[in-house]
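Counting starts at 1 for both ligands and their atoms, in listed order. Nothing here was measured: the structure is a model prediction, and the numbers come from that model.
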Amino acid sequence: MDADEERPWAGPLAPLLAMPGVTDVLVQEPGVAWIDSGGALAPVTVDLPDVEAVRALAVRMAGAGGRRLDDAAPLVDARLPDGTRLHAVLPPLAPDCAAISLRSVRARALDMDDLVASGMVTGPLGRVLRAMVARRLSVLVTGATGSGKTTLLASLLSLVDPGERLLIIEEAGELRPAHPHVVRLVERRANIEGSGAVGLPTLVREAMRMRPDRVVLGECRGAEVREVLSVFNTGHRGGFATLHANTPADAPARLVALGSLAGLDQRTVELQAAIAFDVVVHVERDAGVRRVARVATLVRSADASLTAVDALTWERGRWVEGPAWETLGPRLGVELGAVGLHAA
Ligand SMILES: Nc1ncnc2c1ncn2[C@@H]1O[C@H](COP(=O)(O)OP(=O)(O)OP(=O)(O)O)[C@@H](O)[C@H]1O
Ligand SMILES: [Mg+2]
């Protein structure tokens with residue numbers, strides 16, 4: 001099948017989405033698309049002659065994702081038939097030209113072997129991650145935009161015992177783990193009249209009534225942090241969530257900021273987060289390489305504030321143990337000899 005047949009909704013962007021290694025296709029002016037294929041963003045000429053053509057394509061793609069995009073609803077976050085995530089903004093919110101952001105998502109989740117092959121998971125980390133899943137630790141995946149959080153999470157979910165039931169709650173329905181028993185809940189935005197919204201906090205609460213073995217929040221980005229902390233604090237071990245944070249050290253402040261959206265004070269968030277998450281797994285993107293670069297735990301320090309303490313850090317091409325490994329290692333049943341830390 002050629003690219004245009006496979007993604008008829010993508011118009012002149014279809015061949016770009018079909019290029020191997022392209023993860024993002026971005027348009028914000030006529031005639032040019034910027035593509036991310038690992039290195040720096042690169043411009044490519046595309047047949048979108050004027051701002052009307054860009055707008056028409058954005059509207060058509062939103063329609064293909066079952067969403068409306070027009071003057072009354074000038075913003076859309078949708079999932080396209082092949083799994084690609086679409087974000088689009090129309091004027092006047094994007095004053096010069098409609099802005100289109102496409103993130104390609106693989107039809108098949110990358111598994112742990114793929115992540116090892118791509119260099120995202122190195123040395124003893126594969127064993128460490130497998131043990132986290134098997135021993136039902138609650139995992140918070142952190143990283144900057146596009147660092148690979150969702151990809152890593154999908155591969156961790158693929159490691160969950162097939163006999164367990166996964167309840168996945170998401171904004172846009174991106175996670176497709178290789179697992180036989182998955183229930184997916186995706187939030188619904190308000191309609192034009194402003195009614196009908198069903199948000200993530202409600203879905204997290206509903207998920208609890210659906211006999212989950214594992215509760216998964218695709219991305220923690222708002223007031224639903226309150227429900228997630230509450231679920232992870234009330235005996236539901238082995239859950240997963242991702243959070244935008246540039247380093248694990250930023251995660252506590254980020255959780256506190258999100259908690260404040262739900263009316264939680266700092267102390268409450270810190271107290272609950274320390275119990276809720278057993279481990280933080282941090283992904284980084286450096287010179288085109290996405291890798292897990294840090295494993296940490298969230299600990300309340302002497303003044304009761306929440307801090308991230310390193311367990312394993314990737315430094316100059318090898319893994320280095322941090323102070324939190326002393327307690328995390330035995331919990332995981334993983335021993336690292338000096339040789340283990342070096343192993344590729
Ligand atoms: N190990 C990998 N090998 C190859 N491609 C990868 C790898 N990890 C991530 N990618 C690709 O990089 C892109 C970004 O990854 P992903 O969506 O997981 O990042 P993210 O941190 O969740 O982004 P966002 O902040 O937008 O939620 C995706 O297209 C994904 O397929
Ligand atoms: Mg993501």
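- Of all the heavy atoms of R285, none lies under 4.0 Å from any atom of ligand 1, so neither backbone nor side chain is involved.
- Contact annotation for S147 and ligand 1: heavy atoms of both the backbone and the side chain come within less than 4.0 Å of the ligand.
- The N/O atoms of D24, backbone and side chain alike, include none that comes under 3.5 Å of an N/O atom in ligand 1.
- When heavy-atom distances to ligand 1 are checked against a 4.0 Å cut-off, M120 comes that close only through its side chain, counted from C-beta outward.
- With salt bridges taken as basic N to acidic carboxylate O contacts below 4.0 Å, one links D278 and R237.
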* Is there a side chain to side chain donor-acceptor pair (under 3.5 Å) between T122 and W314 once you walk through the steps? -> CA-CA 9 Å; T122 53; W314 177 259; 5.7 Å; no

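- Given atom 9 (C) of ligand 1, the protein heavy atom at minimum distance is T151 OG1, 3.3 Å.
- Ranking the protein heavy atoms by distance from atom 22 (O) of ligand 1 puts T150 OG1, 2.7 Å first.
- Taking a cut-off of under 4.0 Å to the non-hydrogen atoms of H244, the atoms of ligand 1 that pass are 25 (O).
- When distances to the Mg ion (ligand 2) are checked against a cut-off of 2.8 Å, T242 contributes no N, O or S atom below that limit.
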* Stepwise, does the side chain to side chain contact (heavy atoms under 4.5 Å, CB included) test hold for F240 with L157? -> CA-CA 9 Å; F240 300 84; L157 297 178; 3.6 Å; yes

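- The ligand atoms of ligand 1 that sit less than 4.0 angstrom from a heavy atom of L115 are 1 (N).
- Scanning the protein heavy atoms around atom 12 (O) of ligand 1, the nearest turns out to be R290 CZ, 3.0 Å.
- At a 4.0 Å heavy-atom cut-off, ligand 1 touches L110 through the side chain alone.
- Contact between G146 and ligand 1 is present, with at least one heavy atom of the residue lying under 4.0 Å from the ligand.
- Listed by number with element, the atoms of ligand 1 under 4.0 Å from a non-hydrogen atom of S118 are 1 (N), 2 (C), 3 (N).
- Side-chain contact of T313 with D310: a donor-acceptor pair under 3.5 Å is absent, judged by distance alone.
- Looking only at side-chain heavy atoms (C-beta outward), T297 and V280 stay at 4.5 Å or farther from each other.
- Nearest protein heavy-atom neighbour of atom 5 (N) of ligand 1: R106 NH2, 2.9 Å.
- Between R55 and D71 there is a salt bridge, with a side-chain nitrogen of the basic residue lying less than 4.0 Å from a carboxylate oxygen of the acidic one.
- Nearest non-hydrogen protein atom to atom 19 (O) of ligand 1 is G148 N, 3.0 Å.
- Scanning the protein for heavy atoms near atom 11 (C) of ligand 1, the closest one is T23 CG2, 3.7 Å.
- L255 pairs in a side-chain contact (heavy atoms from CB on, under 4.5 Å) with only one of the listed residues (V225, V228, D250), which is V225.
- For the pair G119 and ligand 1, no heavy-atom separation below 4.0 Å is found.
- Shown in contact with A144 at under 4.0 Å from a heavy atom are these atoms of ligand 1, numbered in order with element: 21 (O).
- Salt bridge annotation for E326-R331: absent, with no cationic side-chain nitrogen under 4.0 angstrom from a carboxylate oxygen.
- A donor-acceptor pair under 3.5 Å links the side-chain atoms of R254 to the main chain of H244, judged by distance alone.
- Under the side-chain contact (heavy atoms from CB on, under 4.5 Å) rule, L152 has a single partner from T242, L110, V141, which is V141.
- Of all the atoms in ligand 1, the ones that sit under 4.0 Å from a non-hydrogen atom of T145 are 25 (O).
- Partners of R188 according to the salt bridge (charged side-chain N to carboxylate O under 4.0 Å, His left out) rule, which considers only residues two or more places apart in sequence or in another chain, do not exist here.
- Given atom 29 (O) of ligand 1, the protein heavy atom at minimum distance is S104 O, 2.9 Å.
- Using a cut-off of 4.0 Å between Lys/Arg side-chain N and Asp/Glu carboxylate O, D213 and R165 are scored as not salt-bridged.
- For D114, no heavy-atom contact with ligand 1 is shorter than 4.0 Å.
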